[in-house]
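Worksheet: the structure to be examined is printed underneath.
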Amino acid sequence: MFDARSPLTTGRADCVACGRSHILSARTEACDCDRRENLALHYSLDAETGSALRGSLAGNAPSLWRYAPLLPVESRFASRLQVGWTPLIDCGPCGSAHLFLKDETRLPSGSLKDRASEMVVAVAVAHGIDQVIVASTGNAAASLACIGAAAGVQVTVLVPATVPPAKLAQIVAYGARVHRVAGRYDDAFVMAGKIAEAQGIINRSTGLNPFTREGKKTCALEIAEQLGWQAPDWVIVPTGDGNILSAVWQGFRELAALGWLERMPRLVAVQSVASRYITSVFNGEEPRSAGNGETIADSITVGHARDATAALAALNESAGVAVTVDDDEIIAAVLALGARFGMFAEPSSAAAFAAFERLNEAGRFARGDRVVCLITGTGLKDLRPVLAASALDAEPAVDPADWRSIVPVAAQPVEPAACA
Ligand SMILES: *Cc1c(COP(=O)(O)O)cnc(C)c1O
Ligand SMILES: [Zn+2]
C-alpha cells in the first residue's frame with residue numbers, strides 16, 4: 001500500500017501503453033506488458049476541488065511542495081534543500097515571439113532532474129526505505145546523490161565509463177556509492193533493476209519509477225502560476241527518454257482538470273540529430289538512436305527512449321512539433337544564451353534555444369506567442385564544448401606593457417533585434 005499519500009491521489013497508476021491499472025506502492029515499477037514503460041499516477045481532480053485549492057496555494061513555500069495536494073506524498077517528507085520555484089525569466093520580444101527562459105540551472109544539483117529526485121526520495125523516506133539506486137549517464141545520478149545526501153538516504157549509482165567528469169565529481173562529492181559498470185548504459189540499467197529487486201530498495205532509473213514524472217510535472221505548474229495561471233503558447237523541451245516532455249504535459253493537463261487553464265500550450269520536443277527516436281516516430285521518419293560520444297548533448301542521448309509512449313501522446317494531444325538540432329547549432333545556442341541573456345546552459349539544454357531560433361526563423365510562431373524554453377541544466381556540467389569553441393588557446397597572451405591595445409568593444413544592445 002502507498003502510505004502518507006495526499007488525499008487527491010487515488011492510490012492507483014495506469015500503464016500508458018496497455019492501459020492496465022495497478023495499485024500503487026513505494027516500489028511500484030513499470031508495467032509487465034511488453035512496453036515496460038512508466039505508469040501514470042491517478043488523481044481525482046475537478047473544478048470543485050480546483051476552486052477550493054486555488055486560494056490556498058499563494059502563501060505556500062517557494063518550492064515544488066507548494067503544490068503538495070497535487071503530489072503523491074505529503075510535504076513533511078520534503079528534503080531540506082528547497083527544490084523548485086525556479087525563476088521564469090522574461091526575455092521580451094524575440095523575432096515574432098515573446099521569449100521566456102525557465103531557469104532550472106538553479107536547482108540544487110544544477111538540473112531539472114532534482115524535481116524527480118526530490119519526489120522519489122520523499123516517497124522513500126515516507127515508507128522507511130533508506131536506500132535508493134539509479135543507473136544513469138550523469139544528471140539523474142548527480143541529482144539523486146544530492147537530494148539523498150540531504151535527506152539521509154544512501155544512494156548507489158551505476159554509471160557507464162563515459163560519464164562526463166563534472167557529473168562524476170558531483171556524484172562523488174555528494175557521498176554516493178559509485179560503481180562503474182563494464183558495459184553500456186543499458187547494462188547498468190538492467191543491473192540496477194536486479195539489485196533493487198533483490199534488496200527491496202527503490203530504483204530511480206528513468207522509465208521505471210512513476211514518481212519521477214510526478215516531480216517533473218511541477219515545472220509546468222510553476223510556469224502556469226508564474227504567468228498568472230495561464231499556459232504559454234509553446235513550451236520547448238529538450239528530450240531524450242521523454243520523461244520531462246510527458247511530465248510537463250501531465251502538469252498542464254491536471255491544471256486544466258482543475259479548471260485553472262483556458263487554453264493548453266503546444267509542446268516542442270527538441271532532440272539531437274544523433275539521438276532522435278521520439279522525433280523520428282512523431283514525424284514518420286526512420287528512427288535513430290546513438291551511443292554517447294556522437295553528440296555533445298549527452299543528457300538527451302539515449303539508446304532506448306524509455307518514456308516514448310507518453311511523450312508521443314503528449315506531442316499528439318498538444319498539437320506539438322518535434323525538431324532535431326545538430327551540434328553546431330547547439331554550441332551556437334550555448335554561446336547565444338550566455339552572451340544575450342546571462343544564462344549558461346549545458347549543451348542538452350541549449351538545444352531548446354536552438355530549436356526556438358529555428359522555429360522563429362521558419363515563421364512557426366504567431367506574433368506575440370509566448371514561448372518558454374526549459375533550460376534544464378547548467379553549463380558548468382560540461383565545459384569542454386565552450387572552451388573548444390572559444391579557441392582561446394590559439395591566441396597569443398597579451399604582454400602587460402601592451403595594455404593600450406585593449407580597447408572597449410561596443411556593448412550588444414538588449415533589444416528585439418538582438419534576438420531576431
Ligand atoms: C535528462 C535531461 C534531459 C532529458 O530528459 P528526458 O526525460 O530524458 O527526455 C534534458 N536536459 C537535461 C539537462 C537532462 O538532464
Ligand atoms: Zn502495460
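Residue indices begin at 1 and follow the sequence shown. As the structure lists them, so they are numbered: ligands from 1, and atoms in each ligand from 1.
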Assess the side chains of [X] and [Y]: does a donor N or O sit below 3.5 Å from an acceptor N or O?
X      : Y      : result
Ser21  : Arg12  : yes
Glu118 : Ser79  : yes
Asn139 : Ser299 : yes

Rounded to 10 degrees, the angle SG of Cys18 makes with SG of Cys31 at the Zn ion (ligand 2): 110°
Angular separation of SG (Cys15) and SG (Cys33) seen from the Zn ion (ligand 2), to 10°: 110°
Note: [X]-[Y] ion pair, threshold 4.0 Å (strictly below):
X      : Y      : result
Asp186 : Arg306 : yes
Arg276 : Glu285 : no
Arg115 : Glu104 : yes
Asp382 : Lys167 : no
Arg364 : Asp369 : no

Looking only at N/O atoms, are [X] and ligand 1 under 3.5 Å apart anywhere?
X      : result
Gly377 : no
Ser348 : no
Asn139 : yes
Ile300 : no
Val302 : no

Distance from atom 8 (O) of ligand 1 to nearest protein heavy atom, with residue and atom: Asp241 N, 2.8 Å
Closest approach of any protein heavy atom to atom 12 (C) of ligand 1, naming residue and atom: Thr376 OG1, 3.3 Å
Which atoms from ligand 1 have a heavy atom of [X] less than 4.0 Å away?
X      : value
Gly240 : 4 (C), 6 (P), 8 (O), 9 (O)
Pro238 : 4 (C), 10 (C)
Glu346 : 13 (C)
Thr239 : 9 (O)
Lys113 : 1 (C), 2 (C), 3 (C), 5 (O), 14 (C), 15 (O)
Ile244 : 3 (C), 4 (C), 5 (O), 7 (O), 10 (C)

Ligand 1-proximal atoms of Lys381, by part, heavy-atom distance under 4.0 Å: neither
Arg54, CZ: over 12 other non-hydrogen atoms inside 6.0 angstrom: yes
Flag if over 12 foreign heavy atoms under 6.0 Å of NE2, His42: no
Derivation and outcome, side-chain contact (heavy atoms from CB on, under 4.5 Å), residues Trp234 and Phe356: CA-CA 10 Å; Trp234 302 83; Phe356 170 79; over 6 Å; no
From Thr206, Asn243, Leu245 - option closest to atom 7 (O) of ligand 1 by heavy atom: Asn243
